[in-house]
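Presented below is the structure to which this report refers.
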Amino acid sequence: MLHTQIQITLRAAIREIAPGLDTGSIQVRPATDPKFGDYQCNSLIQLARELKKNPRQLATEVLARSDFSDVFESPEIAGPGYLNFRLLPATLARVLTTAAAGNHLFFTPTETPRTLVIDYSSPNVAKPMHVGHIRSTILGASLARIFELLGHRVITDNHIGDWGTQFGMLLVGWKTSLNREALLQDPLSEMERIYKLINAQSDPERPGFIEGTREQARAELVALQAGDPENLAIWKEMIALSQRQFDTIYGRLGVRFDHVLGESFYNPWLQATVDDLVKRGVARESQGAWAIFSDGTLPPKDDPFLTQRDGEWHPNPFLIQKADGGFNYASTDLATAQYRIETWAPTDIVYVTDGRQQLHFQQLFASFARWKPEAAATVRMHHIWFGSILGEDGKPLKTRSGENIRLSELLDEAEERALKVVTEKRPDLDDAARREIARMVGLGAVKWQDLLPNRQSDYVFSWDKMLALTGNTAPYVQYQSTRAGKVVRDAGETNLVVAPGSLTESAELALARHLLYFGTTLEGAVAEFRPNYLCNYLFELASLYSRFYEQCPVLKAEEPIRSARLCLCVLTTRVLRQGLSLLGIEAPEVM
RNA sequence: GCGCCCGUAGCUCAGUUGGAUAGAGCAUCUGCCUUCUAAGCAGAGGGUCGCGCGUUCGAAUCGCGCCGGGCGCACCA
């Protein structure tokens, strides 16, 4: 796209001036203000300092060796040494016309495709999915779609929690307290109930404490891990019941996975993983458990295996096998990383989890690099973390009765609220049509609220905010796309051409310019794993369209303005729909 | 104690590897539907970007020190 073209030209010119220089820092961005043109480059100032040159002088020299004459007006040097680029009307017309013809949508696929394994959602078996799962699920799915659109190979993997100590309690509960009828009615609630019941019975501090329950749970867990047929059968049934719930929710959210390899899948390799780590001298025995300690290659401050107490640095080991012989998620994650690299040869492995696991992933990545240096050198591992969801009181989110808010209930409520608005706004539509619009609008609102904030911010949950249907929300963007789509439908057959110079109004030009920035926005979103850049872009595009729509009649305009404006409507519709779909949000034809 | 993160308008938050006059939504106030959908548009008010020092042409952004808050730190994930 255009910003890359400018970048390439500038970099070539700089290499002429200063051969051998790394020009990676030369960045071209959309102009911050229309009065500065359409694109700007601020990087020369810093470069001038490195070259010990006057920035404006350097800018002059660079421009003397660059030719933009076919595409831009002659670039201006402004302020301390900014370069400002203004599109020729013919260039704008050409880019819009080729896009309208379907040749591109303001982005180009990458020239260096990567293979990414993206690990997200990861719900637990036998527990209802709650709002806490939404960020990982929505964020991971969105990132997967954006990478894919830009031409990367994406492998999504749902690493579900289908193994672990909680099954000891669940098995005791299943055998002693299961209500079969309740299980048929609502399996997740019943499994949750028996888990909580046994959990309370195991805790001497709690009222329902029963001597020996904890030991019983441990025994059931050991039996399960040893392959006891009865326990295995119950365990499989719990997974099947849970998977049905996952499928329902993922279906509603429009989320899918290439693989669902839960923790249990890696069981067969765990002992070998720990043995190999010990054999290679990475892990050693400590207090009966097996753990990875600092190898002293990093300064203590940056070493994830050290922590400071009372002014002294103490070991902060990564535990990979418990003293009782059981494995934990450290060993599972190490085996998982190994499996993924062997199986898919990825360039990147992306873990989308909450920020509280940062230390775990630092230790995991460092441990893996020491265990498999050759494999680790072929892959970048990213912990893409996000903030916690808090209640209105700033504490971890719970309902009044202390329960988690169920994801299914949140989605139901979203659709109900949207239906009220649709019914009010569009009494002329039939019931089925209203419900379908309400579904897209309600779910869109939820996803938008989740993706709009910077992912690292903590997140204060409120029904009103999560389900907001006005302002900076998905329904606003969806609404603008229906307005644009309606104009296009009403136009009938048209020659989609933007004649050079036919766009002159500031509302037209601002809209057109913003369409061109779609590609650079996607690149930015992918570079930092931040779909909120795309949300901001789409809201801005929708706002610019709305202004254009108020100020510039389309169908009543004279040619060639009519065609040019219609092109803007067509392209706005396409970019909004494409952008929303990357966020997992559907766009109705009418609202 | 150490580490990570946060502190921006009344409220909730953006701010794209340091850039030009710090933005949006909500809320409040004023206008705009006989003209392609008013789930909309135009406008107004509202800021010592927690505080201080530093780095430099230039800091909400980088460094150091405080103040305030959240999270994590050995057998849960």
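Below, read A as the first sequence line, B as the second, and so on, with proteins coming before strands; counting in each chain starts at 1. Note that the coordinates shown come from a computational prediction; the quantities given were computed from them, not determined experimentally.
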Check this one for me: any side-chain N or O of [X] less than 4.0 Å away from OP1 or OP2 of [N]?
X	N	answer
A:Arg426	B:rA39	no
A:Asn42	B:rA20	no
A:Arg530	B:rA14	no
A:Tyr476	B:rC41	yes
A:Asn532	B:rG15	yes
A:Tyr329	B:rA77	no
A:Lys486	B:rC36	no
A:Lys425	B:rA39	yes
A:Ser546	B:rC41	yes

Looking at [options], which one has an atom nearest to any side-chain atom of [X]?
X	options	result
A:Trp385	B:rA42, B:rC5, B:rU12	B:rC5
A:Gln480	B:rG40, B:rC57, B:rG72	B:rG40
A:Phe539	B:rG25, B:rA39, B:rC5	B:rG25
A:Lys301	B:rC36, B:rA38, B:rG3	B:rG3
A:Tyr479	B:rA14, B:rA39, B:rC4	B:rA39
A:Pro317	B:rA74, B:rG70, B:rU16	B:rA74
A:Thr307	B:rG19, B:rU37, B:rC73	B:rC73
A:Lys556	B:rU16, B:rA39, B:rU35	B:rU35
A:Glu550	B:rG40, B:rA77, B:rU37	B:rG40
A:Arg29	B:rU37, B:rU16, B:rA77	B:rU16

Return the pairing partner of [N] with a 3.5 Å limit on both distances, Watson-Crick or G-U wobble; otherwise return none.
N	result
B:rC32	B:rG40
B:rA9	none
B:rC53	B:rG63
B:rC2	B:rG72
B:rA20	none

Would you classify [X] as touching base, sugar-phosphate or nothing, given that sugar-phosphate means primed atoms plus P, OP1 and OP2, and contacts are heavy atoms under 4.0 Å?
X	value
A:Gly471	sugar-phosphate
A:Gln287	base
A:Ala78	base
A:Pro475	nothing
A:Cys552	base
A:Ser286	base
A:Leu452	nothing

Any donor-acceptor pair, under 3.5 Å, between the side chain of [X] and the base of [N], if you only look at N and O atoms?
X	N	answer
A:Asn84	B:rA20	yes
A:Arg49	B:rG58	yes
A:Thr482	B:rA39	no

Syn/anti state of B:rC33 by chi, 90° boundary around 0 |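 B:rC33: syn.
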
Between A:Tyr82 and A:Phe36, is the ring centre distance below 6.0 Å?
->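 No, too far apart.
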
So, for A:Tyr517 and A:Tyr39, is the gap between ring centers shorter than 6.0 Å?
->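 Centroid distance A:Tyr517-A:Tyr39: below 6.0 Å, so yes.
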
Nearest whole angstrom, please: distance from the [atom2] of [N] to the [atom1] of [X].
X	N	atom1	atom2	value
A:Arg356	B:rC76	CZ	C1'	12 Å
A:Leu451	B:rU12	CG	P	21 Å
A:Leu469	B:rA39	CG	C1'	8 Å
A:Tyr549	B:rU35	OH	C1'	10 Å

Lys/Arg-Asp/Glu bridge criterion (N-O < 4.0 Å) met for A:Arg483, A:Glu550 =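 A salt bridge links A:Arg483 with A:Glu550.
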
Taking NZ, NE, NH1 and NH2 as the nitrogens, is one of them in A:Glu215 or A:Arg218 under 4.0 Å from a carboxylate oxygen of the other?
->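 No, no charged N to carboxylate O under 4.0 Å.
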
Consider only side-chain N and O atoms of A:Asn454 and A:Arg530, and report whether a donor and an acceptor are under 3.5 Å apart.
->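 Yes, because at least one side-chain N or O of A:Asn454 sits under 3.5 Å from a partner of the opposite role on A:Arg530.
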
Looking at side-chain heavy atoms only, is the closest gap between A:Gln478 and A:Ile585 below 4.5 Å?
->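 The answer is yes; the side chains approach within 4.5 Å.
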
Please give the distance between the [atom1] atoms of [N] and [M] as a whole number of Å.
N	M	atom1	result
B:rC41	B:rC5	P	37 Å
B:rC13	B:rG47	C1'	15 Å
B:rU30	B:rG72	P	48 Å
B:rA9	B:rA22	P	15 Å
B:rG15	B:rA24	P	15 Å
B:rU28	B:rG50	C1'	27 Å
B:rC64	B:rG18	P	16 Å
B:rG25	B:rA42	P	9 Å

Parallel, tilted or perpendicular: which one describes the rings of [X] and [Y], with boundaries at 30° and 60°?
X	Y	value
A:Trp235	A:Trp163	perpendicular
A:Tyr545	A:Phe548	tilted
A:Tyr476	A:Phe539	tilted

RNA chain B: 5'-proximal contact among A:Val421 and A:Asp33 (nearest heavy atom) |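 Taking each residue's closest nucleotide, the earlier one in sequence belongs to A:Asp33.
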
Taking for each residue the nucleotide of RNA chain B with the nearest heavy atom, is it A:Phe548 or A:Trp313 whose nucleotide lies nearer the 5' end?
->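 Checking each residue's closest nucleotide, the 5'-ward one belongs to A:Trp313.
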
Whether A:Phe36 stacks on the six-membered ring of B:rA20 base, 5.5 Å and 30° limits =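 Here the ring of A:Phe36 and the base of B:rA20 are stacked, with centres under 5.5 Å and planes under 30°.
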
With a distance cut-off below 6.0 Å to the six-membered ring centre and an angular limit of 45° from the axis, does A:Arg284 pair with A:Phe293 as a cation-pi contact?
->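 Yes, a cation-pi geometry holds between A:Arg284 and A:Phe293.
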
